Every structure is written in C-alpha cells, then in structure tokens.
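These numbers come from a predicted model, not from an experiment. Below, chain A is the first sequence line, B the second, and so on; all start at residue 1.
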Number of protein chains: 2
Amino acid sequence: MNELDETSESGKTGDALRAAHLYYMQDLTMDAIAHELHTSRSSVSRLLSHARASGLVDIQIRSPRDMPGRIEEAVLERHGVRAHIVPVPENASDVDRLERVALSAARILGQFFDSNMSLGIAWGSTMGALSRHLIPKQTHNSQIVQLNGAGNMRTTGILYASEILRRFGDAYGAHVQQFPVPAFFDDPGTKQAMWRERSTERVLQMQENMDVALFGIGSPFAEVPSHVYAGGYLEPEDFQSLSRDGAVGDVATVFYRADGSTDGIALNERGTGPSFDLLRATPRRVCVVAGLSKLPSLRGAIRAELITDLIIDESTARALLE
Amino acid sequence: MNELDETSESGKTGDALRAAHLYYMQDLTMDAIAHELHTSRSSVSRLLSHARASGLVDIQIRSPRDMPGRIEEAVLERHGVRAHIVPVPENASDVDRLERVALSAARILGQFFDSNMSLGIAWGSTMGALSRHLIPKQTHNSQIVQLNGAGNMRTTGILYASEILRRFGDAYGAHVQQFPVPAFFDDPGTKQAMWRERSTERVLQMQENMDVALFGIGSPFAEVPSHVYAGGYLEPEDFQSLSRDGAVGDVATVFYRADGSTDGIALNERGTGPSFDLLRATPRRVCVVAGLSKLPSLRGAIRAELITDLIIDESTARALLE
DNA sequence: AAAGCTCGTGCACATATGTGCAGGGCTAGC
DNA sequence: GCTAGCCCTGCACATATGTGCACGAGCTTT
C-alpha cells in the first residue's frame with residue numbers, strides 16, 4: 001500500500017489515531033490496546049508518543065468559567081489584554097523560565113492558528129525557544145511571514161531567523177515567506193530604495209494581511225540583553241542614540257518609549273520591522289514574555305496597544321500588576 | 001479561607017489546575033510537580049486524576065483534515081450525517097460495545113453542550129450507560145429537558161429516567177426539567193388532557209427550544225430488545241399493533257417505519273415522546289448507537305432525518321455502509 | 001472535653017509506561 | 001544476487017504512575 005493512500009483506517013498515522021482513541025477516549029491500558037492492534041505494548045507506547053507529538057491528540061486546560069485566575073482577570077481589566085499565565089516557580093532561573101513559557105506558548109499557539117490564515121513572526125531568543133517546541137498541526141493555504149529582517153546574523157549557537165521560520169513552516173505545513181533584508185540598514189536611503197522593490201513590497205503586502213502576529217519583547221537596557229543586542233547588530237553609538245531617544249524596548253526591532261510612542265526614534269528609520277500601525281491592524285497579536293527583566297519593556301508594549309494576547313510567566317505577571 | 005473564595009490561585013481545584021499545566025503543558029514529571037507544589041508525588045497523581053475526571057483537562061483527538069476516516073466520509077456522503085466512529089474490536093460483546101461507545105460519546109458530548117444551551121435527552125440503556133461516564137463541565141444558564149415520559153418504570157437494576165437526568169444535570173451544573181408522565185398513556189384521551197395542562201405545556205415549550213437533542217435508538221423487534229420493551233411498558237397486543245403498523249424502531253418512544261414515516265402508527269397516539277417535526281427543528285440531534293442489532297432501526301431514523309450527529313461503533317458503521 | 005467522623009496525606013508496594021538494544025525485514029545501490 | 005543501511009519490532013530493564021492502607025488534623029456530636 002502506498003503511503004499516499006493512507007487514511008485513518010491503516011498505516012502509522014491511522015494506528016496512532018486508533019490507539020489514541022482507545023487510550024484517551026476509552027481509557028484502555030496500553031496492554032489492551034496492543035492486543036487489539038496485534039502489536040506489542042512498546043509499539044503502542046511509541047504510537048501514542050507519536051500521536052501526542054504530531055498533534056493528533058490535543059490536550060487543553062480549561063479553568064472553570066466561574067473561577068478564572070485572579071491574575072488573568074486583573075490583567076484583562078487593568079491592561080485590556082488576555083493573559084495566559086504559565087506557572088513557574090519563583091526561584092526558577094531565567095533560562096528555565098523562558099523554556100517553560102515557550103513550551104506552553106507553543107501549545108497555546110496551536111489554538112490561534114489554522115488553515116487559511118497568515119501568521120507573522122519575529123525572531124529572537126524567545127521565538128527561538130518557542131520554535132523548538134511547536135506542536136505540528138496540518139493546515140491548508142496558510143502562510144508564515146517574517147516580520148523583520150535579520151540578514152546579517154552571525155552569532156553562533158543562536159538560531160538563525162530562517163531556521164525559526166522553517167520550523168514554523170514545517171510544524172504547520174505552511175508556506176514560508178522570508179524577509180531577506182538586514183535587521184538594520186546602515187543608510188536609511190538604502191531602506192527607502194529596498195522598500196520600493198517589488199520583492200519587498202510583496203512581503204509588506206503579506207504583513208498587512210496577517211491574521212496573527214507573534215513576537216517576543218526586546219529589552220535593550222536590561223542586565224541580560226536580548227538577542228538583537230548581543231547579536232552584534234547595534235554599535236555603541238546606536239545604544240547611545242536609543243538611550244537619548246528614550247527607548248525602553250522593541251518589538252520586532254521597532255523601538256518604543258515607555259509611553260508606547262515611537263515617533264522620532266532615530267534608529268527606527270533604519271530598521272526593518274513593521275510599523276506599529278501595521279501591527280495594530282492585525283486582529284490577534286500574541287506576545288510571549290518570560291522573566292522580570294522584560295517588565296519595563298512589556299509595559300511600554302502594552303501602552304502601545306501592541307498586544308491582544310499575552311503569554312507570560314506567573315512571577316512576571318504578578319510584577320506587572322504592582 | 002472559605003472555599004467559596006477559591007480561585008485558581010489556591011485550593012484543591014487551583015492546585016489541580018496548576019498541576020495540570022505543569023504536567024500537560026510543560027511535560028514535567030509528577031515528581032517534579034510534587035516538589036513545586038510542596039506535596040508528595042502521590043498527591044500529585046491524585047490531583048491529576050481529579051483534574052481529568054472533573055473536566056479541567058480536555059483531551060481531544062483530531063484527525064488531520066487531509067485524512068478523515070473513510071467511514072466518516074462515506075457516511076456523510078451517503079447519509080448526510082456527521083459520524084463519530086468509535087473503534088471497537090469486531091469480536092467485542094454487545095455489552096462491551098455499548099460501554100465503549102458510551103465512554104466516547106460522553107466525552108464528545110462535552111464539545112456539543114455549553115452555557116446558555118438547552119439539551120433534550122431520552123432515556124434507555126444507551127442513555128443510561130452514557131450518563132455513567134459524563135465528564136463534568138461547568139455551564140451557566142443551561143438546561144436539561146426530558147424528552148419523553150417514563151413514569152411507570154419498574155424493572156430493577158435499570159436506571160430510572162430521573163437518575164439519568166440527574167446525572168446530566170450534575171455533570172453540567174444545569175437545571176433539570178423532568179417530564180412527569182408515563183411513557184405511554186393507556187387512554188389517548190388522558191394524553192390529550194395532560195397536554196393541555198400548564199405544567200406539561202411548559203415542558204413542551206422547553207423541548208421546542210432545545211439546542212441539542214440526545215437519544216439512542218430502540219429496536220422493538222431485535223433479538224435483544226431495548227430497555228423500553230423489556231421494561232414492561234408494552235403489552236403483547238402493543239407489539240402486535242406495532243408489527244401491524246410496520247414499525248422498525250423508536251426514538252424517545254416515538255415509533256417509525258423503515259422509510260422513516262410515523263403517520264398512522266397507533267401506539268404513537270398514546271406515547272409521550274416528541275414529534276419528529278419538533279425533533280427536526282432542533283439544530284443538533286445526536287444519536288448514539290452501539291451494536292448491529294440496532295442497524296435496521298438506525299436506517300429508519302436516518303431516513304426520517306432525525307440525526308445530525310451519529311456516534312457509533314466501527315463495526316456497525318461499516319455494516320451501515322453495505 | 002472526649003469520642004467518633006471525614007478527609008487528605010505519605011509510604012510502600014503494584015501497575016503501567018518509557019526506552020536502549022539486538023535482531024529482522026525491506027530498499028537501494030553495486 | 002549480494003550487502004550496507006535504514007526503520008521498525010519486541011524484549012528486558014528502567015522509570016513513572018496508581019492505589020491500599022494506616023495515620024493524624026480538623027470538625028461534629030454527645
């Protein structure tokens with residue numbers, strides 16, 4: 001039998017589906033399932049792993065309506081943002097924190113993205129971590145668009161933007177649109193020129209039609225600098241310029257002040273990220289944040305009304321409310 | 001702390017929620033969770049059991065769009081009914097079959113019912129089995145309405161209709177409306193009279209506004225007679241009458257012929273089930289079927305266009321397509 | 001205040017599940 | 001037609017999870 005003919009009646013995926021039914025819906029033990037499928041228990045264990053890993057089994061946590069978390073409620077009321085709190089112990093390291101938020105975020109994202117949709121994504125350490133944990137979900141006619149350039153990435157050990165993009169594309173079976181420009185041009189004039197190119201226009205066009213935007217937050221002045229800043233994108237004088245202009249953070253390499261404004265921040269003239277007006281035109285804008293060091297930048301992003309859904313670790317969420 | 005104050009931040013449900021997050025979203029081991037929650041591993045195991053049993057964790061199986069089951073597809077095309085196939089081994093006993101379909105059906109039902117909805121339910125062995133496996137799901141302003149009377153039930157060991165109803169009500173936190181009339185009146189005149197009573201009218205009114213109807217199928221002439229027939233509701237002459245009128249099955253004690261028609265079936269004059277016109281006005285009509293003996297009756301119900309969603313065991317579904 | 005209850009806990013053991021490893025079948029290349 | 005390589009299987013063991021039981025805290029009853 002040709003695997004192209006495979007349906008849920010047979011073949012690996014079919015078996016996995018059937019095993020999942022028996023295990024999760026009918027509460028059979030793996031032993032019993034092995035018997036029904038005429039295979040060994042170990043194979044069933046593997047089949048079920050496969051089913052979970054490939055998104056055949058979808059597990060959601062739903063808090064009762066009459067008992068939503070206090071934090072979620074407070075964040076919604078005070079900041080107008082739907083929060084998704086990720087429980088992480090107080091004493092967790094920042095790395096741990098990021099990893100765990102990314103794990104949860106990857107699962108939640110599956111609920112936001114579907115066929116016929118277009119997803120815009122930034123890149124950075126948060127997005128990188130997230131991309132490693134995506135749960136596959138087959139979609140049709142869907143697209144992943146890169147939000148901001150990253151042409152001259154050179155740090156080793158850090159994910160290339162294209163790698164992040166590819167992972168999203170693979171997980172969702174979506175068409176991937178890269179944005180082949182540097183994160184920052186040296187000469188604003190070059191940017192202007194590039195923006196008139198047909199290939200660039202096409203990307204910008206796609207960004208305008210996004211259904212979901214997904215991004216982390218950059219904190220140029222936090223103790224632990226973000227990806228962008230460590231990556232060698234910015235020169236000392238750029239930092240001075242940012243500092244002078246009062247920038248507190250960035251979303252997709254577009255910088256903003258504590259009050260959410262961006263006008264007059266010089267570096268943005270040379271950056272390639274989407275204007276906030278464009279972002280705000282996207283129906284769902286998901287921001288993933290882990291760690292207290294992002295807090296000041298996060299506040300700015302909230303004021304800028306960039307965020308509709310916030311996936312955040314518990315401690316940071318608590319701090320946000322103070 | 002008063003348990004009325006409980007939110008997801010603390011208390012049993014809160015802990016369960018948090019444990020579920022850590023276990024299902026972050027893939028921690030129970031040991032690790034026990035440590036984070038400052039409790040023992042066993043408690044975490046119990047917490048997670050609780051979370052699953054009380055519907056805090058919602059597990060769904062989703063077959064990829066590009067590979068729907070052949071059977072589902074064929075049933076939809078040939079009979080215009082969304083099928084939900086429950087895998088059950090060929091050689092399973094009818095009891096097993098019913099139990100397993102009921103288990104799956106109970107979980108699927110949770111996807112169909114929500115706050116502000118009204119659910120009409122029949123009673124019988126299928127519904128009884130189903131009611132034992134319902135997954136709790138808190139809803140607001142929702143109602144459960146009994147579709148047909150069952151006043152004179154007397155067999156022991158079989159669930160009383162009111163018990164079934166109560167279980168649905170408990171599971172969904174819904175208001176329960178019983179229908180306190182016998183399954184069949186002896187005198188059609190009494191039925192007419194009762195139908196003019198305000199209390200009856202209220203029930204009928206609620207039936208008209210149902211969002212979902214849920215029922216099994218009765219097979220009066222199968223080798224293994226259904227609940228209704230074994231329950232002592234019908235006298236030998238009733239069977240003769242049904243046979244004479246060509247009845248092949250019933251839904252909520254309303255009988256129909258192989259072609260789906262009901263007109264002129266004498267017994268229906270004395271029965272208390274909802275007219276098929278009323279049923280067909282309900283947006284979603286879920287039928288649960290297990291076992292080959294129901295097949296002829298099922299075909300009739302399909303012809304009568306009573307069913308929008310069919311939850312059925314695999315073997316019977318296969319047979320339906322022949 | 002003592003006795004009796006219920007409930008939740010952790011321990012120790014029973015089960016159930018996950019996984020490294022050594023075949024065996026299949027394919028592709030020679 | 002042979003052989004190297006890959007993937008899948010089941011076994012045996014390692015790990016993780018489920019559960020009966022006895023105990024103790026908090027609460028009710030007498």
Side-chain angles (χ1 to χ4, degrees), chain A residues 1-59 61 67 87 89 100 103 107 133 135-136 170, chain B residues 1-59 61 67 87 89 100 103 107 133 135-136 170:
Chain A
M1 151 166 235
N2 184 325
E3 79 268 5
L4 292 176
D5 289 344
E6 192 187 322
T7 70
S8 61
E9 324 299 308
S10 70
K12 182 172 175 179
T13 310
D15 282 351
L17 220 40
R18 173 173 287 248
H21 264 281
L22 295 172
Y23 192 76
Y24 290 107
M25 304 281 267
Q26 295 182 25
D27 294 326
L28 296 200
T29 157
M30 292 189 183
D31 244 330
I33 298 171
H35 193 259
E36 285 198 16
L37 298 192
H38 307 295
T39 180
S40 74
R41 195 186 50 70
S42 350
S43 296
V44 174
S45 172
R46 282 185 271 250
L47 229 37
L48 287 172
S49 297
H50 170 73
R52 283 185 301 255
S54 61
L56 259 43
V57 177
D58 180 26
I59 301 185
I61 314 284
M67 192 211 297
R100 293 172 66 160
L103 216 40
R107 302 197 177 220
H133 300 298
I135 309 283
D170 283 358
Chain B
M1 151 166 234
N2 184 325
E3 80 268 5
L4 292 175
D5 289 344
E6 192 185 323
T7 69
S8 62
E9 323 301 306
S10 70
K12 181 171 174 180
T13 309
D15 282 351
L17 221 39
R18 173 175 287 247
H21 263 282
L22 296 172
Y23 191 76
Y24 290 108
M25 304 281 266
Q26 295 183 25
D27 294 325
L28 296 200
T29 159
M30 292 190 183
D31 244 329
I33 298 172
H35 193 259
E36 286 199 15
L37 298 191
H38 307 296
T39 180
S40 74
R41 196 186 50 70
S42 349
S43 295
V44 174
S45 172
R46 283 186 270 250
L47 228 37
L48 287 171
S49 296
H50 170 73
R52 283 185 302 257
S54 60
L56 259 44
V57 177
D58 179 27
I59 301 185
I61 314 284
M67 191 213 296
R100 292 171 66 161
L103 217 39
R107 302 197 178 221
H133 300 297
I135 310 283
D170 283 359

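Counting heavy-atom neighbours within 6.0 Å of A/His35 NE2, excluding the residue itself, gives a total of 12 or less.
Under the 3.5 Å distance criterion, with hydrogens and angles disregarded, a donor-acceptor pair is assigned to the side chains of B/Tyr24 and B/Arg52. At a cut-off of 3.5 Å, with distance as the only test, a side-chain donor of A/Ser43 or A/Ser40 sits close to an acceptor on the other residue.
For residues 32-40 of chain B, proximity to DNA chain C is found at B/Thr39, B/Ser40, defined as any non-hydrogen atom under 4.0 angstrom from a strand atom.
B/Asp31 pairs in a side chain to side chain contact (heavy atoms under 4.5 Å, CB included) with only one of the listed residues (B/Ile33, B/Thr29, B/Leu28), which is B/Thr29.
Between B/Leu56 atom CG and B/His21 atom NE2 the span is 9.0 Å, to the nearest 0.5 Å. How far CG of B/Leu37 is from CG of B/Asp15: 5.5 Å, rounded to the nearest 0.5 Å.
Comparing the end axes of the helix from C/dA1-D/dT30 to C/dC30-D/dG1, each fitted to five base pairs by superposing C1' atoms of four pairs onto the next four, gives an inter-axis angle of 30° (nearest 10 degrees).
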Test log, rule side-chain contact (heavy atoms from CB on, under 4.5 Å), inputs A/Ile59 and B/Val57: CA-CA 7 Å; A/Ile59 301 185; B/Val57 177; 3.8 Å; yes

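One finds a salt bridge joining A/Arg100 and B/Glu36 here, because a Lys/Arg side-chain nitrogen approaches an Asp/Glu carboxylate oxygen to under 4.0 Å.
Counting all heavy atoms, side chain and backbone alike, B/Pro136 lies closest to B/Ala53 at CD-O, 2.9 Å. When every heavy atom of A/Leu47 is checked against every heavy atom of A/Ala19, the shortest pair comes out as CD2-CB, 4.4 Å.
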How does each nucleotide of nucleotides 16-22 of chain D score, in 5' to 3' order, for protein heavy atoms under 4.0 Å: base (B), sugar-phosphate only (S), or none (-)? -BBBB--

